[in-house]
Amino acid sequence: MRNMVLPALLAGLVLASSAAWAQGARSAGGEGELGVFKKACSGCHKWHGGGGGGYGGEALSLRKTQLDKEQVAEVVRCGRPGTGMPYHLRGAFDTVKCYDSLKADMGGNMPPETAVFLRAPEIDAVANYVVTQLKGKGEPNLEECTAFFGATSRACDIYRKKEGSDAPTASH
Amino acid sequence: MTKSRAARRILAATSLAALAAGTLPLAPALAADGVTQDRLLNADKEEGNWIQHHKNYAGHRYSTLNEINKGNVKNLKVAWTMHLGGIEGGGIWSHGGLEGTPIVENGMMYVTDGWGSVYKIDTRGGEGKLIWKMDPKTDREWAGAVACCGVNNRGVALWGDLVVSHTLDGRLIATNKENGQVAWQRQVADPDKGETITGAPLIVKGMAISGVGGAEYGIRGWIAATDLKTEKEVWRTHTIPGKGEPGYETWKGPNNAAVSGGGSTWVTGTYDPDTDTIVWGVGNPGPDWDNAYRPGDNLYTDSTLALDATTGKIKWHFQHTPNDPYDYDSVSENLLVDVGGRKLAIEADRNGFAYAVDRTNGQFVWATPFVKKVTWTRGINPDTGKPFEYDPNKDVQRYNPAATPSAENKNADFCPGNMGGKNWPPTAYNPNLQYWYIPVIESCNRVTHEAMTQANLKPREFFTGGGPSQPFRITGSVTAIDVKTGKVAGKHETQFPLLGGMLATPDLVFTGEPSGGVMAMDAKSLEKLWEFRTGGGVNAPPMTFTVDGKQYVAILVGLGGAWDKWFIDSTPELKNIQTGSMLYVFAL
């Protein structure tokens with residue numbers, strides 16, 4: 001019995017470390033950033049970041065934003081006072097000052113709290129995604145759509161139709 | 001055929017079935033279980049079964065079973081549970097949930113998960129055994145990206161040897177009841193247009209009646225009937241009239257607004273066999289909060305529609321909120337009740353008022369507020385059934401202007417909030433007490449107005465004219481209406497909005513709370529007599545049945561719906577509720 005435990009433990013360690021490595025690799029690349037964007041932003045800002053009305057409120061367009069990466073990260077961390085944009089950093093306005101303020105200073109202007117907090121590297125990743133993948137972009141297209149939804153779904157068929165049946169499908 | 005010959009034939013058939021049962025236990029059970037129009041018409045007489053979504057065609061969700069009653073309900077406990085699936089995310093949703101009503105026929109239960117998988121469960125012997133699972137392989141990204149309000153499916157219907165269900169990606173699926181194999185399927189709704197289906201089908205005379213969701217995405221709503229034998233569409237009635245049809249004149253202005261007028265139909269309706277009439281609720285106009293985009297009353301949005309079941313032709317309508325600027329759907333089920341010599345259709349509307357209309361002609365009878373706070377109107381004019389502020393000479397209604405989102409009032413607070421009032425969770429009606437039980441969202445919220453143009457209208461994109469936020473705490477209640485008087489007879493307040501729905505029995509009412517509680521109340525006093533904490537989010541209605549001569553209460557528990565994504569700020573404690581997918585069955 002004792003002899004069997006050790007190899008199993010070792011195997012577990014190897015698996016765990018390779019999983020951790022894979023995760024690290026993903027979060028360094030686009031998929032990790034997109035993962036955070038999907039989880040935290042796409043409900044209100046829409047999959048393409050174009051914002052507009054919806055059940056998530058009236059969200060601003062991230063494609064038309066003028067903010068730089070650090071400014072985007074600050075808005076993600078701290079939210080936008082007086083709007084529906086929530087703060088995503090655990091402890092914001094409480095243990096960490098936001099806009100140089102704590103809860104007591106904000107009064108009725110406190111932004112809402114996110115349903116799920118983001119960790120600092122996730123905030124950095126999503127801010128990077130916004131400024132490199134969305135900011136300054138025009139109308140969403142098939143390539144962006146399949147990057148978001150994958151190529152195995154019919155979710156992007158409307159872009160295929162729009163771009164003509166000869167239009168190449170994005171490859172992955 | 002004489003009575004005695006008929007009796008002999010029935011006896012012979014029964015003996016044959018009994019004989020065959022010894023050798024081939026499944027085949028005769030199937031024959032005996034074949035659901036017919038006659039059985040659907042008499043669903044109430046099958047006391048231990050629950051073979052229709054709303055229990056009977058009239059939508060009562062009332063069971064005569066009384067083994068569990070107010071004297072012993074305190075002893076109710078979990079008999080068995082079963083884990084289900086369907087919690088995967090898709091589109092804009094991180095998870096699926098459970099909103100369905102279990103269907104039970106002769107001890108066999110049929111439930112669905114949010115992605116439309118159907119589970120057949122044998123409930124005999126005091127436990128649940130999964131017989132089969134039909135996974136429709138829903139295209140989750142296609143559908144989930146245009147589902148405004150969660151990954152939901154509210155259950156199945158039975159016909160012949162088929163289990164009939166919908167999927168979020170717009171299919172109607174007929175599954176063999178016996179072996180769980182898909183017999184056939186057809187695409188009824190088109191997610192490319194922003195259409196999805198979440199409701200259970202209603203079966204009338206061998207047709208499956210389907211409703212559609214998507215009024216937040218610029219659809220033109222409809223109700224459709226599919227012949228379950230030929231597998232073909234029999235009729236499809238649009239809820240927004242086309243050019244030349246009556247009601248088209250209620251869509252004015254330069255935007256050609258009728259083409260994207262909304263009017264979805266995502267809650268299962270009811271059926272009056274006396275007049276062969278389907279009564280079905282119609283949802284909000286689109287864009288939701290910019291009513292200046294669509295001048296006119298916007299028929300038949302926010303209306304109750306009566307359709308000829310054979311042809312789909314509109315017989316009458318009653319509109320609750322003309323030119324709606326609040327997202328006050330009227331998709332709710334209309335219960336068909338006979339009270340005081342009148343044939344009524346009663347509906348608890350998202351706008352905070354309970355309505356009774358004469359179901360033979362759609363004439364208004366009464367309306368009464370069932371929520372604690374209404375700010376959008378002073379009330380409903382008892383002579384007309386319209387809000388007091390409604391002006392038929394105005395194309396764009398402002399009701400209480402301070403509470404109405406518009407270009408001049410960009411941030412408007414109104415009560416009830418845009419979720420209602422009362423949302424899809426079904427009411428229940430006790431025909432002896434003539435009490436009607438409403439699962440209430442006691443709410444206000446804020447909507448930021450966004451002026452729409454035709455350029456904003458794009459396939460698969462939200463087309464709402466703004467959006468809500470939640471600066472106010474939202475609570476709930478069970479509110480009982482005495483249908484004899486049309487007045488509120490009692491209110492049991494709850495910490496959270498009721499997002500699951502009601503069940504009535506002779507002296508009890510059951511409901512669930514999004515914080516996890518399933519509870520029973522006294523049917524008259526609404527005093528809470530029993531509660532069990534499931535530890536999950538309850539977003540589905542309870543039902544009851546018997547098997548092996550014993551009464552059970554069943555409910556699906558699994559965080560679903562729109563609340564945890566869009567409205568959670570109004571109920572911060574519910575952020576702690578985790579996703580899940582579980583069937584709970586209770587007994588004494």
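The sequence lines fix the lettering, A, B, ..., with proteins before strands; numbering per chain opens at 1. Keep in mind it's a predicted model, so treat the numbers as computed, not measured.
B:Asp139 and A:Ser153 share a donor-acceptor pair across their side chains, judged by distance under 3.5 Å alone. Side-chain atoms of B:Tyr217 and B:Glu461 form no donor-acceptor pair, as typed in the model, at a separation below 3.5 Å.
With a 4.5 angstrom heavy-atom cutoff, B:Asp288 touches chain A only via side-chain atoms. Contacts between B:Lys193 and chain A at a heavy-atom distance below 4.5 Å are absent for every atom of the residue. Residue B:Pro191 does not touch chain A at all, counting heavy-atom pairs closer than 4.5 Å. B:Gln470 does not touch chain A: none of its heavy atoms, backbone or side chain, sits under 4.5 Å away. Neither the backbone nor the side chain of A:Lys38 comes within contact range of chain B, judged by heavy atoms closer than 4.5 Å. The contact between B:Trp289 and chain A is made entirely by side chain atoms (from C-beta outward), counting heavy-atom distances below 4.5 Å. The part of A:Thr114 that comes within reach of chain B is its backbone (N, CA, C, O), which places non-hydrogen atoms under 4.5 angstrom from that chain. Interface residue B:Phe567: only side-chain heavy atoms are found under 4.5 Å from chain A.
Of all residues in residues 52-76 of chain A, those placing a non-hydrogen atom less than 4.5 angstrom from a non-hydrogen atom of chain B are A:Gly52, A:Gly53, A:Gly54, A:Tyr55, A:Gly56, A:Gly57, A:Glu58.
Each of B:Asp569, B:Thr448, B:Ile92, B:Asp192 has some count of heavy-atom pairs under 4.5 Å with chain A, and the biggest count is that of B:Asp192. Ranking A:Lys46, A:Glu113, A:Arg154 against chain B, the residue ahead of the rest is A:Arg154, based on heavy-atom pairs under 4.5 Å. Chain A forms the most heavy-atom pairs under 4.5 Å with one residue out of B:Ser94, B:Pro471, B:Gly467, and that residue is B:Gly467.
Aromatic ring pairs are classed by plane angle as parallel below 30°, tilted from 30° to 60° and perpendicular above 60°; the pair A:Tyr129 and A:Phe37 is tilted.
Put simply, NE2 on B:His449 and CG on B:Asn409 are 9.5 Å apart, with the number rounded to the nearest 0.5 Å. Separating the CG atom in B:Asp324 from the CG atom in B:Asp329 is a distance of 8.0 Å, to the nearest 0.5 Å.
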Exercise. Yes or no on side-chain hydrogen bond (donor to acceptor under 3.5 Å, both in side chains) for B:Asn445 and B:Asn418, after CA distance, side-chain angles and deciding distance?
Worked result: CA-CA 7 Å; B:Asn445 70 355; B:Asn418 78 297; 2.7 Å; yes
For this session: Evaluate the salt bridge (Lys or Arg N to Asp or Glu O under 4.0 Å) criterion for residues B:Arg350 and B:Asp327: first the C-alpha distance (whole Å), next the side-chain angles of each, then the deciding distance (0.1 Å), finally the verdict.
Result: CA-CA 8 Å; B:Arg350 216 142 112 178; B:Asp327 186 21; 3.1 Å; yes
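Formation of a donor-acceptor pair under 3.5 Å by the B:Asn539 side chain with backbone atoms of B:Gly560 is found in this model. A:Gln133 places no side-chain N or O within donor-acceptor distance of the main-chain N or O of A:Val131, the cut-off being under 3.5 Å.
Among B:Asn255, B:Thr464, B:Leu457, B:Asp290, the single residue meeting the side chain to side chain contact (heavy atoms under 4.5 Å, CB included) criterion with B:Met452 is B:Asp290.
Taking the charged nitrogens against the carboxylate oxygens, A:Lys39 and A:Glu122 do have a contact shorter than 4.0 Å, which makes a salt bridge.
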